[in-house]
Q: 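I have a structure I would like to understand better, so I am pasting it below and will then ask my questions one at a time.
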Protein chains: 2
Amino acid sequence: MVVTMRQVAQHAGVSLKTVSNVVNHYEHVSASMRSRVLTAIDDLGYQMNVTARNLSTGRTGMLALALPELQLPYFAELADAVMDAADDLGYTVLIEPTAGMRTGELEVLRSPRRSMSDGLIYSPTALREADRAALSVDFPMVLLGERALASSVDHVAMANEVGGRMVTEHLLAQGCRRIAIVGAHDAETGAGSLRQRGARSALEAAGLDSDVASAGAQRWSRETGRAAVMDLLAREVRFDGLLALNDAMALGAMRALWEAGVDVPGQVRVAGFDDIEESRYARPSLTTVNPGRAEIARRAVQLLVDRIEGRAVEAAEYQVPAALVVRESTR
Amino acid sequence: MVVTMRQVAQHAGVSLKTVSNVVNHYEHVSASMRSRVLTAIDDLGYQMNVTARNLSTGRTGMLALALPELQLPYFAELADAVMDAADDLGYTVLIEPTAGMRTGELEVLRSPRRSMSDGLIYSPTALREADRAALSVDFPMVLLGERALASSVDHVAMANEVGGRMVTEHLLAQGCRRIAIVGAHDAETGAGSLRQRGARSALEAAGLDSDVASAGAQRWSRETGRAAVMDLLAREVRFDGLLALNDAMALGAMRALWEAGVDVPGQVRVAGFDDIEESRYARPSLTTVNPGRAEIARRAVQLLVDRIEGRAVEAAEYQVPAALVVRESTR
DNA sequence: GTGAAAGCGCTAACAG
DNA sequence: CTGTTAGCGCTTTCAC
């Protein structure tokens with residue numbers, strides 16, 4: 001039999017409300033009342049039923065975080081950062097995996113489970129232009145990504161385009177002249193296209209061919225990076241630089257280059273994007289762009305909580321600055 | 001204003017109960033009733049309030065999963081596997097990070113948030129002998145790990161000891177004679193000590209020194225692996241084989257060896273434990289033990305759900321078999 | 001400062 | 001097969 005607040009009240013000889021006040025750290029409770037209640041709680045081993053409180057308050061204290069999958073290291077690290085940030089503000093994170101698929105991403109917006117969280121941090125990767133309408137939701141949400149898709153929603157964007165340009169300029173400065181890009185997919189929007197656009201602009205500014213070769217990939221994993229390089233090699237594409245649109249692919253690419261006997265950075269310099277921890281330990285360690293993950297997480301959570309708690313005014317947009325991290329793979 | 005079931009009922013001209021029946025796919029509802037209700041739901045844009053249902057049923061449909069942090073790749077992959085398994089049975093996973101600390105691990109058992117999930121999958125790493133009592137809980141729980149700590153709770157264990165022995169025997173078979181072990185901590189229980197015990201038994205069986213050198217580590221990360229090897233090297237310990245008690249440390253160790261100009265597997269063969277995805281892409285790819293993560297996740301979820309739904313009888317224990325995965329780092 | 005009563009939105013007997 | 005009636009355990013006016 002589970003102990004309820006009412007029983008605690010009885011045991012302590014006070015009213016229900018008093019127990020509630022104590023439990024919720026309400027200011028004006030006499031010390032004696034408080035300690036009486038506390039003792040009763042202890043005696044009975046009372047534990048608050050959070051679900052009941054949720055129903056009563058209309059809040060759950062949970063933030064949903066929608067992302068493709070934790071197996072992709074970037075998202076695991078992001079999730080960790082979001083959990084930390086949420087915890088600081090007294091919220092818990094509920095991770096909603098979308099498998100990086102459009103259906104999964106739309107599902108998150110509509111599932112009844114949505115009502116179990118007070119708001120949503122949403123990082124869509126597969127949504128299309130046609131899904132724009134789905135983003136007009138009536139609950140607190142902040143989008144991780146560009147303003148492109150929905151304009152009237154809070155956004156926290158990373159510097160994809162600038163980052164893409166920076167890292168490409170670095171490759172150029174290191175002497176690369178034929179840079180292959182790995183991970184492009186034909187989405188007209190999203191991180192991929194922006195990073196790519198940044199890269200192209202750097203190449204064009206240097207008067208170089210901005211389309212040496214690109215290998216696409218839907219899922220940005222080590223495996224797709226590896227496959228992309230094997231494809232480039234099979235097609236005998238020549239390149240002296242390789243920009244993978246995220247670190248996981250870059251790591252897979254380096255593996256494939258090594259298997260093929262291509263020296264990095266000797267014959268090909270390789271760079272990625274995301275600055276996941278793994279990149280620091282790779283052989284060679286990977287040059288990449290640090291998108292400011294912790295800052296993104298903090299901003300997103302703060303924005304969402306402001307909205308939930310009614311402090312937000314109009315749709316905000318933050319752009320978190322990126323930083324180039326030069327390591328062995330491009331030296 | 002949010003739409004409730006009552007309003008749907010009114011709009012459809014039926015009773016509350018009928019709407020509930022339809023929404024919950026209750027068998028015996030006439031087709032006409034059903035479609036009337038469905039139309040009303042559609043008209044009004046009704047969305048079930050899951051919290052209210054939770055309070056009413058006493059269930060939340062959520063399973064809590066306590067683990068150190070998602071930044072450690074093994075746990076990210078485990079979380080993914082648990083989420084998949086839970087999803088198959090109609091449950092959602094709520095991840096509870098413990099930071100790998102005793103206080104965090106105890107907190108999970110006591111926090112009021114506990115009542116937001118129907119059960120707990122618990123993978124303690126820092127609990128001590130003295131905490132045994134804390135594991136006598138009155139809610140459904142399955143422990144990931146050995147029976148050592150609590151005997152009357154459902155367990156799903158991986159083959160730590162056997163795995164440790166297998167991988168060590170492999171190192172020996174490859175000619176290693178002085179094997180250093182990385183990651184030992186002095187816990188008398190837990191995965192580390194078991195893997196180590198397996199390793200020692202293999203060494204002793206071969207008549208070799210089972211205590212060449214070991215470097216401890218509390219947090220089993222790439223960084224601690226790297227630091228451990230730097231320490232061994234600084235102490236000029238000689239070894240021709242290195243067993244890290246998990247892959248992350250092995251990867252960090254390989255990085256340190258490379259930095260020190262030690263060839264793997266030429267001068268030192270390296271092996272890990274966990275078979276995380278990253279190990280397949282490392283240079284050289286890492287020999288390791290596959291503990292059957294997916295199977296562990298499936299079993300744990302199944303066991304927990306059985307208990308939650310009242311199908312479980314007495315405390316069960318599963319031991320999932322491990323498999324040696326030989327790769328370049330020991331060839 | 002503390003108590004009584006009315007819900008929060010849904011489920012589940014139990015009738016009908 | 002459908003409707004009525006109580007709760008689930010907590011919060012929250014609003015009196016006292």
Side-chain angles (χ1 to χ4, degrees), chain A residues 1-38 40-41 44-62 111-118 139 309, chain B residues 1-38 40-41 44-62 90 111-118 139 309-310:
Chain A
M1 198 44 216
V2 74
V3 184
T4 77
M5 212 149 138
R6 148 169 276 109
Q7 298 175 45
V8 174
Q10 253 159 19
H11 187 95
V14 302
S15 90
L16 229 181
K17 168 67 172 155
T18 303
V19 179
S20 174
N21 282 342
V22 171
V23 172
N24 294 299
H25 308 105
Y26 184 65
E27 304 262 334
H28 308 291
V29 186
S30 65
S32 67
M33 277 285 127
R34 160 166 285 112
S35 76
R36 246 165 79 194
V37 171
L38 258 18
I41 287 180
L44 271 45
Y46 168 71
Q47 278 223 305
M48 156 91 75
N49 178 328
V50 177
T51 301
R53 177 217 263 155
N54 291 348
L55 176 59
S56 209
T57 59
R59 292 280 191 72
T60 64
M62 297 214 294
S111 139
R113 199 154 69 216
R114 230 290 314 154
S115 66
M116 287 209 63
S117 52
D118 297 337
F139 51 81
E309 299 181 353
Chain B
M1 198 46 216
V2 73
V3 184
T4 77
M5 212 148 137
R6 153 169 272 108
Q7 298 174 45
V8 174
Q10 253 160 17
H11 187 94
V14 302
S15 90
L16 228 182
K17 170 67 173 156
T18 303
V19 179
S20 174
N21 283 342
V22 171
V23 172
N24 293 300
H25 308 105
Y26 185 65
E27 305 260 335
H28 309 291
V29 185
S30 67
S32 67
M33 276 285 127
R34 161 167 284 115
S35 75
R36 245 165 79 193
V37 170
L38 257 18
I41 287 180
L44 273 44
Y46 168 71
Q47 279 223 305
M48 154 92 76
N49 179 327
V50 177
T51 301
R53 177 217 263 153
N54 290 348
L55 176 58
S56 207
T57 58
R59 293 279 191 72
T60 63
M62 298 213 295
S111 141
R113 202 154 67 217
R114 229 291 312 154
S115 66
M116 286 208 64
S117 51
D118 298 336
F139 50 82
E309 299 180 353

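Numbered from 1 within each chain, the chains take letters A, B, ... in sequence-line order. Here the structure is a predicted model, which is why all the values come from computation and not from measurement.
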Q: Please report, rounded to the nearest Å, how far the P atom of dG1(C) is from the OH atom of Tyr26(A).
A: 9 Å
Q: Indicate, with a heavy-atom threshold strictly under 4.0 Å, whether Asn54(B) touches base, sugar-phosphate, or nothing.
A: nothing
Q: Figure out the CZ/P separation between Arg6(A) and dG7(D), and round it to whole Å.
A: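 One finds 11 Å between P of dG7(D) and CZ of Arg6(A), rounded.
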Q: For Val23(A), report the nucleic acid contact type (base, sugar-phosphate, nothing); a contact means any heavy atom under 4.0 Å.
A: nothing
Q: Under 3.5 Å, is there any donor-acceptor pair linking the side chain of Ser56(B) to the base of dG7(D)?
A: yes
Q: Would you mind telling me which of dG9(D), dG9(C), dG3(C) lies closest to the side-chain atoms of Thr4(A)?
A: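 In terms of side-chain proximity for Thr4(A), the closest of dG9(D), dG9(C), dG3(C) is dG9(D).
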Q: Measure from the side-chain heavy atoms of Arg53(B) and tell me the nearest of dC10(C), dC10(D), dT11(D).
A: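 My answer, after comparing the listed nucleotides, is dC10(C).
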Q: Report the distance from atom CG of Leu16(B) to atom C1' of dA13(C), rounded to the nearest whole Å.
A: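 Rounded to the whole Å, the gap is 15 Å.
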Q: Could you walk me through whether Asp118(A) and Thr60(A) satisfy the side chain to side chain donor-acceptor pair (under 3.5 Å) test, starting with their C-alpha distance in whole Å, then the side-chain angles of each, then the deciding distance to 0.1 Å, before giving a yes or no?
A: CA-CA 6 Å; Asp118(A) 297 337; Thr60(A) 64; 3.2 Å; yes
Q: Hey, are the side chains of Ser56(A) and Arg53(A) touching, using non-hydrogen atoms and a 4.5 Å cut-off?
A: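 When only atoms from C-beta onward are counted, Arg53(A) and Ser56(A) do not touch, as no gap falls below 4.5 Å.
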Q: The side chain of Ser30(B) lies closest to which of these nucleotides: dC1(D), dT2(C), dC10(D)?
A: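 Selected nucleotide (nearest to the side chain): dC1(D).
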Q: Can you identify which nucleotide, out of dT11(D), dG3(C), dC10(D), has its nearest atom closest to the Ala52(A) side chain?
A: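 Closest nucleotide to the Ala52(A) side chain: dC10(D).
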Q: Taking side chain as C-beta onward, heavy atoms only, is Val50(B) less than 4.5 Å from Arg114(A)?
A: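 No, every pair of side-chain atoms sits at 4.5 Å or beyond.
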Q: What nucleotide, of dG9(C), dT4(D), dT11(C), holds the atom closest to the side chain of Val2(B)?
A: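 Closest of the options to the side chain of Val2(B): dG9(C).
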Q: Taking CE from Met48(B) and P from dC8(C), how many angstroms apart are they, rounded to a whole number?
A: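 After rounding, the gap between these two atoms is 17 Å.
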Q: Using whole Å, report how far CD of Gln10(A) lies from P of dG3(C).
A: 13 Å
Q: How long is the line joining NE2 of His25(A) and P of dG1(C), in whole Å?
A: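 So the two atoms are 18 Å apart, to the nearest Å.
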Q: Hey, does Val50(B) reach any base, or is it just sugar-phosphate, or nothing, if we go heavy atoms under 4.0 Å?
A: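 Val50(B): no heavy atom of the nucleic acid under 4.0 Å.
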Q: From the list dT11(D), dT11(C), dG9(C), which nucleotide is the closest neighbour of the side chain of Asn49(B)?
A: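 Ranking dT11(D), dT11(C), dG9(C) by closest atom to the Asn49(B) side chain puts dG9(C) first.
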Q: What is the distance from CE of Met5(A) to P of dC10(D), rounded to the nearest Å?
A: 6 Å
Q: Between C1' on dC16(D) and NZ on Lys17(A), what's the gap in Å once rounded to a whole number?
A: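 Nearest whole value for this atom pair: 14 Å.
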Q: Quick check: on DNA chain D, is the nucleotide nearest Asn21(B) upstream (toward 5') of the one nearest Leu55(A), or the reverse? Name the residue that is more 5'.
A: Asn21(B)
